[in-house]
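Let me begin by presenting the structure, written as structure tokens, before commenting on it.
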Amino acid sequence: MARHLITSAIPYINGIKHLGNLVGSQLPADLFARYQRARGNEVLFLCATDEHGTPAELAAAKAGKPVAEYCADMHAIQARIAEGFRLSFDHFGRSSSPQNHALTQHFAGRLADAGLIREVSEKQVYSIADGRFLPDRYIEGTCPNCGYDRARGDQCENCTKQLDPTDLIDPRSAVSGSTDLEVRETKHLYLRQSALKEDLEAWIDTKTDWPVLTTSIAKKWLHDGDGLQDRGITRDLDWGIPVRRGNEDWPGMEGKVFYVWFDAPIEYIACAGEWAEAGGLDASAWERWWRTDKGAGDVRYTQFMGKDNVPFHTLSFPATILGSGEPWKMVDHLKSFNYLNYDGGQFSTSQGRGVFMDQALDILPPDYWRWWLLSHAPENSDAEFTWENFQVSVNKDLADVLGNFVSRITKFCRSKFSESVPAGGAWGETENALVADISARIQRYESCLENMEVRKSAQELRGIWASGNEYLQTVAPWSTFRSDPETAAMQTRLGLNLARLFGVLSSPFIPDASATIVSAMRAHSPAWPGDLTDFLTAMEPGHSFEVPEVLFAKITDEQREEWQQRFGGTTAS
RNA sequence: GGCGUUAUAGCUCAGUUGGUUAGAGCGAACGACUCAUAAUCGUUAGGUCCCUGGUUCAAGUCCAGGUAACGCCA
């Protein structure tokens, strides 16, 4: 039995993510996890919320809540939505967990011991009224270049000129509007990524099976300009993981926290600790997934993420792990996704443009979204969501091809025979050919899923559903029935068994509908098909079933138009 | 301004290391069926593979230049 460690990029805490975020990491990771479990493999599937940093603090302030409370609330909301989409995390953790505090401090200590941390003194803008240092983009002022009065400390978005906060005329805090600012000297820790460049490159060179997109991004960062740059791992904030060197204080670093990019990926590991704790297990339970010296040698680790996250996962996080000198499990395969656009533009939180995860679940069941998103996943290039395409795809694939198949075969059997599998007749050439055809299709389906070819696997699955309709159309039991009821019974029996097969095979994509089909067939948690002839004769004559409710109601033109309107945003096209 | 990605049928997209007549689904037209969610099944029609030039016996595929869209960075 293979062992799969699977992680999805961890979503940031401030707000609800849109469909593009969902299809870029969590959803395909869930597909893979569900498939591997269905094949009987051992899976640990982890995700969490990324909770530290300035945006979280500001969002909390805006909501009028203490940041810890805000994060706890938002974590609960994101967890509920994830459940709504049937994301089957073994644990949905939090980067603010005690486990992550301890582990992040541990890594920092190890890196310091290895001589991979250096201290840097730098000048940053301090807001006296806010009582805090301000990151560049939270300082506003007048652009010295074009006179735009709302330029940010990192860049003027009017003339795009790159700025330093000290360049701004009449700078003020974007948090409070206060102009009572001063430049203060502050000390920070930097991870000497440059010293690990050779190790990182050697490691990446071993990953010959990674997509070109992934390795080329990594190589670019390794070689661009002066090569891989050292990176600050601390910040002057209140909310975060206090800077400590392992279990000890870090002189000079009092009151500072680790920078969110440093602690967030470590949460992948810490999350396994949270999972063990939640299940009442001891440390060995999670260490056998993460420590190659404690049983993780046979683990295959796959990460899912959007393309913007690739540098962190190919360089920064591996630098942390390699630099520690400890035997942590490193990623084996890294599946990255492009972006999903919304109706000719980008999803936009500020403009309310596009569909967000909570809204999606308000209007339709999760299977609709899962099917469309996965069958149109932005694997090779950016993809496009349009309501017309969504309506047509979902109606055709789910309602007409799959839903109607289950409906027609169960209703036919009920009207001509009864609500149990009919007896009589024997397979002929057509049936044997069908089994051979579907066997080949299943093999392709499995191989696509194994290789995480998301779109292709959806196509294969759809083809399997369609073969059921082709069969019924060819043998036409409704005609056969008049002259040869025995043969019609055999054809109907096979049709019912096909419905059960589709239920089982579809579970990674559309878990709810799959469960409905399987339970309507009164097939109790059937295993993934092995020998197809056996599988398609499993429901024997006399086995009772029920005719399920309509599996997928169609999306009407009225609904589509209403949603198009509602989610078009303030600058609707 | 630099870098990167993309450009294939009306739409959404496949096209492996260059190798006959460029594929799928949807949409369209026509036909079959009438068990079923006006569903299904079959057939057909649609392409100057963005443009120009080059390499080659052979280019959607490789190279150069251009155009357009998008993204990232300084």
Side-chain angles (χ1 to χ4, degrees), chain A residues 20 154-156 159-164 211-221 223-226 229 306-311 336-346 371-373 375-417 422 444 448 451 453-463 465-482 488-489 491-492 495-496 499 513 547-556:
Chain A
D154 54 346
Q155 184 175 33
C156 172
C159 68
T160 74
K161 185 173 170 59
Q162 201 68 21
L163 301 170
D164 262 343
V212 183
L213 179 71
T214 303
T215 45
S216 71
I217 290 176
K219 294 267 180 174
K220 189 183 170 229
W221 282 56
H223 298 294
D224 224 29
D226 300 328
Q229 297 298 300
K307 62 183 170 186
D308 51 328
N309 263 320
V310 169
S336 64
F337 289 84
N338 289 290
Y339 294 140
L340 180 68
N341 291 319
Y342 179 82
D343 221 355
Q346 295 187 335
W371 175 254
W372 190 89
L373 290 168
S375 62
H376 294 78
E379 291 180 288
N380 297 325
S381 62
D382 290 356
E384 174 97 356
F385 176 91
T386 64
W387 284 103
E388 289 83 357
N389 186 301
F390 177 69
Q391 179 194 22
V392 166
S393 299
V394 162
N395 285 353
K396 192 73 191 171
D397 297 347
L398 295 183
D400 296 348
V401 177
L402 175 62
N404 181 52
F405 174 81
V406 173
S407 177
R408 71 194 291 204
I409 189 63
T410 51
K411 286 182 180 170
F412 177 75
C413 186
R414 180 173 63 184
S415 72
K416 301 296 185 207
F417 302 96
R444 291 202 299 271
C448 287
N451 295 317
E453 294 179 280
V454 178
R455 282 178 108 123
K456 279 189 184 168
S457 56
Q459 275 178 29
E460 290 297 342
L461 179 58
R462 188 190 185 284
W465 297 338
S467 64
N469 282 316
E470 284 167 37
Y471 173 70
L472 288 188
Q473 208 63 36
T474 308
V475 299
W478 47 89
S479 308
T480 325
F481 185 76
R482 289 181 215 122
Q491 294 162 343
T492 305
L496 291 165
V547 175
E549 294 294 307
V550 167
L551 282 172
F552 300 100
K554 291 199 195 189
I555 297 171
T556 64

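Below, all heavy atoms of this structure are taken into account, side chains as well, without hydrogens, waters or symmetry copies. Here is how names work: the chains are called A, B, and so on, in the same order as the sequence lines, proteins then strands, and each is numbered from 1.
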Legend entry - Side chain of A:Y339 (C-beta onward), nearest among B:G71, B:U37, B:U34: B:G71

Legend entry - Closest to side chain of A:N404, choosing from B:C26, B:U37, B:A36: B:A36

Inset, instruction - Anything under 30° is parallel, anything over 60° is perpendicular, the rest tilted; go ahead and classify A:F390 against A:W387. - result: perpendicular

Inset, instruction - Round to a whole Å and report the spacing from CD of A:E460 to C1' of B:G25. - result: 12 Å

Legend entry - Atom-to-atom span, CG of A:L398 to P of B:U37 - whole angstrom: 17 Å

Inset, instruction - List the atom of A:T480, the atom of A:V475, and the distance in Å for their closest heavy-atom pair. - result: OG1-O, 3.0 Å

Legend entry - Parallel, tilted or perpendicular, as decided by the 30° and 60° cut-offs, for the rings of A:W371 and A:W465: tilted

Legend entry - Syn/anti label of B:G15 as read from its glycosidic torsion, with the cut at 90° from 0: anti

Inset, instruction - Answer with yes or no whether the side chains of A:D397 and A:S393 bring together a donor and an acceptor at under 3.5 Å. - result: no

Legend entry - Nucleotide of B:U37, B:C41, B:U34 approaching A:N469 most closely (side-chain heavy atoms): B:C41

Inset, instruction - Classify the nucleic acid contact of A:F405 as base, sugar-phosphate or nothing, counting any heavy atom under 4.0 Å across all strands shown. - result: nothing

Inset, instruction - Please state how far atom CH2 in A:W478 lies from atom C1' in B:C41, giving the value in whole angstrom units. - result: 9 Å

Inset, instruction - For A:V392, report the nucleic acid contact type (base, sugar-phosphate, nothing); a contact means any heavy atom under 4.0 Å. - result: sugar-phosphate

Inset, instruction - Run the ring-centre check on A:F417 versus A:F481 and record whether the distance is less than 6.0 Å. - result: yes

Inset, instruction - Under 4.0 Å between any heavy atoms, over every strand shown, what does A:A476 touch: base, sugar-phosphate, or nothing? Just pick one. - result: nothing

Inset, instruction - Identify which nucleotide among B:A14, B:A36, B:U34 has an atom closest to any side-chain atom of A:K456, counting heavy atoms from C-beta outward. - result: B:A14

Inset, instruction - Just call it for A:A553: base, sugar-phosphate, or nothing, with non-hydrogen atoms closer than 4.0 Å on any strand. - result: nothing

Legend entry - A:F385 CZ to B:C70 C1', straight-line distance once rounded to whole Å: 20 Å

Inset, instruction - Would you indicate what A:K416 reaches in the nucleic acid, counting non-hydrogen atoms under 4.0 angstrom: base, sugar-phosphate, or nothing? - result: nothing

Inset, instruction - Look at all strands and tell whether A:L472 reaches a base, only sugar-phosphate, or nothing, counting heavy atoms closer than 4.0 Å. - result: nothing

Legend entry - Listed nucleotide nearest any side-chain atom of A:E470, set B:U12, B:G42, B:U40: B:G42

Inset, instruction - Could you tell me whether the side chain of A:D400 has a donor or acceptor atom within less than 3.5 Å of a complementary atom in the base of B:A39? - result: no

Legend entry - Between B:A38 (C1') and A:N395 (CG): distance, integer Å: 13 Å

Legend entry - A:Q473, nearest nucleotide to its side chain (from B:U37, B:G42, B:U40): B:U40

Legend entry - Spacing of A:Q459 atom CD relative to B:C26 atom P, expressed in whole Å: 11 Å

Inset, instruction - Using atom CG of A:L340 as one end and atom P of B:U12 as the other, report the distance to the nearest whole Å. - result: 13 Å

Legend entry - Rounded interatomic separation in angstrom, taking CH2 from A:W372 and P from B:C26: 17 Å

Inset, instruction - Taking only the side-chain nitrogens and oxygens of A:K396, find out if one of them lies under 4.0 Å from OP1 or OP2 of B:A39. - result: no

